[in-house]
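Here it is: the structure, laid out below.
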Amino acid sequence: MNLVFLGLPGAGKGTQAQILAKKYNIPHISTGDIFRNAIKNETPLGVKAKEYIDSGELVPDEVTNGIVKERLQKEDCNQGFILDGYPRTLDQAEALDENMNQLDRKLDLVIYTKVKESELIKRLTGRRICEDCGATYHVEFDPPEVEAICDKCGGNLIQRDDDKEETVEKRINVNKDKTDQLINYYNKKDILIEIDAEKEIDAVSNEIVDVIEEKVK
Ligand code: ADP
Ligand code: AMP
């Protein structure tokens, strides 16, 4: 099962992708996570990506496309994958199609998580992530059992630099038109489903699972 999560920053893509990856036992591939790990490890990719991410811009398509192409060739993707935060531009969507053709596979579903802008800002500014395993929390909507400590691995929870208020609005604006273009692109291919992602986390995942069971399984 080959899935894509599409949506503005803060719409809950990572949260839902994490839940589905566990349920269906397929890898959750987040380009944002790949870049953050590269930055943490100070790799050449990390050095390249950091300036874009810190300023709320997108990393150039040729860099991002290359990384995803390589990742999708790994053996753990043979039973399927969940892409989160990729594609984010039409160029990336076309590169992904080409990539799928070469692998003789196809995308089954593109899940568009729709959330209004005022809610996105609340979600992004309250988001905390584990500095060790990357798990996502929210200070109000999805708090850990012990304040500032990851339930899963005991790591410290931190705020992403690009979740500070000054970068959040910029990121939403950078992604708006591009997300609309992708909605059109995948609607034409008849693989897009729109989910009202303003409901609680469990309600959203139940709805997504229902659609997957109906359309893909
Ligand atoms: P994205 O990957 O789309 O940027 P995340 O999954 O990281 O978004 O979610 C953004 C923030 O909103 C996180 O702090 C997460 O805990 C919280 N969140 C995710 N889904 C919901 C929801 N349905 N209701 C309330 N908060 C949510
Ligand atoms: P995310 O974790 O999805 O919110 O992504 C964090 C940041 O990583 C984004 O603001 C971009 O700077 C960069 N990024 C993640 N995915 C992509 C992508 N598909 N294309 C370009 N840049 C990306």
Side-chain angles (χ1 to χ4, degrees), residues 4-21 28-40 45-46 48-69 71 82-96 99 111-130 134-144 150-151 157-164 167-176 178-179 182 195-208:
V4 166
F5 270 97
L6 179 66
L8 289 172
K13 303 181 295 298
T15 301
Q16 296 301 330
Q18 231 168 339
I19 294 170
L20 290 189
H28 165 206
I29 302 171
S30 151
T31 39
D33 283 348
I34 294 173
F35 291 137
R36 276 184 291 280
N37 273 329
I39 291 172
K40 196 158 112 184
L45 169 67
K48 219 182 283 177
K50 187 172 166 33
E51 57 176 312
Y52 297 101
I53 293 183
D54 284 352
S55 63
E57 298 285 350
L58 294 182
V59 175
D61 288 335
E62 62 274 19
V63 176
T64 312
N65 287 335
I67 284 160
V68 175
K69 184 166 185 190
R71 180 65 186 87
I82 304 175
L83 280 169
D84 155 18
Y86 180 93
R88 263 186 162 112
T89 65
L90 274 182
D91 181 272
Q92 293 180 13
E94 283 161 5
L96 179 60
N99 203 346
I111 302 162
Y112 167 48
T113 46
K114 187 173 181 187
V115 173
K116 64 173 176 287
E117 203 171 320
S118 54
E119 181 69 22
L120 293 175
I121 292 172
K122 272 193 242 163
R123 288 189 184 182
L124 289 169
T125 51
R127 174 162 62 186
R128 299 293 180 268
I129 61 165
C130 173
T136 301
Y137 298 85
H138 190 282
V139 287
E140 187 184 340
F141 308 136
D142 188 18
C150 179
D151 295 345
L157 302 189
I158 54 166
Q159 184 175 38
R160 281 169 43 176
D161 281 339
D162 61 346
D163 279 346
K164 306 254 158 77
T167 324
V168 157
E169 244 173 87
K170 163 97 182 277
R171 285 168 56 214
I172 294 172
N173 286 328
V174 161
N175 282 281
K176 248 189 225 163
K178 295 184 169 69
T179 303
L182 291 173
I195 297 283
D196 170 8
E198 285 193 26
K199 297 183 211 151
E200 288 187 355
I201 294 173
D202 287 351
V204 175
S205 45
N206 287 339
E207 198 176 322
I208 294 173

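Counting convention: from 1, in listed order, for ligands and their atoms alike. The first residue of the sequence shown is numbered 1, and numbering continues consecutively from there. Quick caveat: nothing in here was measured; it's all calculated off a predicted structure.
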Open item on the list: Could you identify the single nearest non-hydrogen protein atom to atom 7 (O) of ligand 1 and state the distance to 0.1 Å?
Closed with: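 Nearest protein contact, heavy atoms only, for atom 7 (O) of ligand 1 is R127 NH1, 2.6 Å.
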Open item on the list: Please check this pair: side chain of T125 against backbone of I121, looking for a donor-acceptor N/O pair closer than 3.5 Å.
Closed with: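 Such a contact is found between T125 side chain and I121 backbone.
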TODO: Identify, chain by chain and in numerical order, each protein residue with a heavy atom under 4.0 Å from an atom of ligand 2.
DONE: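 Ligand 2 pocket, heavy atoms under 4.0 Å: T31, G32, F35, R36, I53, E57, L58, V59, T64, G85, Y86, R88, Q92, R160, D162, R171.
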TODO: Under 4.0 Å, heavy atoms only, figure out whether ligand 1 is touched by the backbone of T136, its side chain, both or neither.
DONE: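 T136 to ligand 1: side-chain contact only, backbone stays beyond 4.0 Å.
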Open item on the list: Test your reading of the structure: does L124 have an N or O sitting under 3.5 Å from an N or O of ligand 1?
Closed with: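 In fact, backbone or side chain, L124 has no N or O that close.
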Task: Option whose closest heavy atom lies nearest to atom 17 (C) of ligand 1, chosen from H138, R128, E140 - done: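 Among H138, R128, E140, the closest heavy atom to atom 17 (C) of ligand 1 comes from H138.
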TODO: Identify, for atom 22 (C) of ligand 1, the protein heavy atom at the shortest distance, and state residue, atom and that distance.
DONE: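 For atom 22 (C) of ligand 1, the nearest protein heavy atom is R123 NH2, 3.3 Å.
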Open item on the list: Does the residue A11 have a heavy-atom contact with ligand 1, meaning some pair of atoms that are separated by less than 4.0 Å?
Closed with: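 So A11 counts as touching ligand 1.
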Open item on the list: Quick check: K13 and ligand 1, any N/O pair under 3.5 Å apart?
Closed with: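 There is such a contact, yes.
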Open item on the list: Would you compute the distance between atom CG of L6 and atom CD1 of I111 and round it to the nearest 0.5 angstrom?
Closed with: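 The distance works out to 10.0 Å.
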Task: Backbone N/O of L182 and side chain of Y112: donor-acceptor pair under 3.5 Å - done: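 Side chain of Y112 to backbone of L182, a donor-acceptor pair under 3.5 Å: no, none is there.
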TODO: Please state which part of Y137 comes within less than 4.0 Å of ligand 1, counting heavy atoms only: side chain, backbone, both or neither.
DONE: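 For Y137, only backbone atoms sit under 4.0 Å from ligand 1.
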Task: Nearest neighbour in protein (non-hydrogen) for atom 20 (N) of ligand 1 - done: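 Answer for atom 20 (N) of ligand 1: I201 CG1, 3.6 Å.
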Open item on the list: Below 3.5 Å, N or O to N or O, backbone or side chain included: is there any such pair between G12 and ligand 1?
Closed with: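 N/O-N/O distance under 3.5 Å: yes.
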- [ ] Measure the spacing between OG1 of T136 and CG of D33 and express it to the nearest 0.5 Å.
- [x]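 These two atoms lie 7.0 Å from each other.
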- [ ] Within a distance under 4.0 Å of any heavy atom of E200, pick out the atoms of ligand 1 and give their elements.
- [x]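 Reading through ligand 1 atom by atom, the close ones are 23 (N).
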- [ ] Have a look at ligand 1 and work out which part of Q16, if any, has a heavy atom under 4.0 Å from it: side chain, backbone, both or neither.
- [x]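 None of Q16 does.
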Open item on the list: Whether the side chain of R171 engages the backbone of V168 through a donor-acceptor N/O pair (distance < 3.5 Å, no angle test) should be reported.
Closed with: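 No, R171 side chain to V168 backbone: no donor-acceptor pair under 3.5 Å.
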- [ ] Find all atoms of ligand 1 within a distance of less than 4.0 Å from any non-hydrogen atom belonging to T15, and give their numbers and elements.
- [x]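 It comes down to these atoms of ligand 1: 5 (P), 6 (O), 9 (O), 15 (C), 19 (C).
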- [ ] Report yes or no: does a heavy atom of K199 sit under 4.0 Å from some atom of ligand 1?
- [x]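 Heavy atoms of K199 do come under 4.0 Å of ligand 1.
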Task: K116 bridged to E119 by N-O distance under 4.0 Å - done: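 No, no charged N to carboxylate O under 4.0 Å.
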Open item on the list: Could you tell me if K176 and N173 have a donor-acceptor pair between their side chains, going purely by distance under 3.5 Å?
Closed with: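 Side-chain D/A pair, N173 to K176: present.
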Task: Atom pair CZ/CD of R127 and Q159 - distance to nearest 0.5 Å - done: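 If we round to the nearest 0.5 Å, R127:CZ and Q159:CD are 9.5 Å apart.
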- [ ] Flag the pair K199 and E207 as a salt bridge only when some basic side-chain nitrogen lies within less than 4.0 angstrom of an acidic carboxylate oxygen.
- [x]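 Salt bridge: yes.
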Open item on the list: Using a 3.5 Å distance criterion without hydrogens, assess whether the side chain of T113 forms a donor-acceptor pair with backbone atoms of K13.
Closed with: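 The answer is no, because no donor-acceptor pair under 3.5 Å joins these two groups.
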Open item on the list: Pairing donors with acceptors under 3.5 angstrom, does anything connect the side chains of D91 and N65?
Closed with: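 Per modelled atom types, D91 and N65 side chains form a pair under 3.5 Å.
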Task: Heavy-atom donor-acceptor pair, Q16 side chain to G12 backbone, under 3.5 Å - done: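 No; judged by distance alone, with no hydrogens or angles, the pair does not exist.
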TODO: Could you go through the side chain to side chain contact (heavy atoms under 4.5 Å, CB included) check for L45 and I67 one step at a time?
DONE: CA-CA 9 Å; L45 169 67; I67 284 160; 3.4 Å; yes
Task: Atom indices of ligand 1, in the order listed, that fall short of 4.0 Å to a heavy atom of F141 - done: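 Per the distance check, 25 (C), 26 (N).
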- [ ] Looking only at distances, please establish whether an N/O atom of ligand 1 is found under 3.5 Å from an N/O atom of G14.
- [x]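 Checking ligand 1 against G14, an N or O pair does fall under 3.5 Å apart.
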Open item on the list: Counting non-hydrogen protein atoms only, what is the nearest one to atom 4 (O) of ligand 1? Give residue, atom name and distance.
Closed with: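 Closest protein heavy atom to atom 4 (O) of ligand 1: G10 N, 2.8 Å.
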Task: Polar side chain donor-acceptor pair, T89 to D61, under 3.5 angstrom - done: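 Judged by distance alone, the side chains do pair up.
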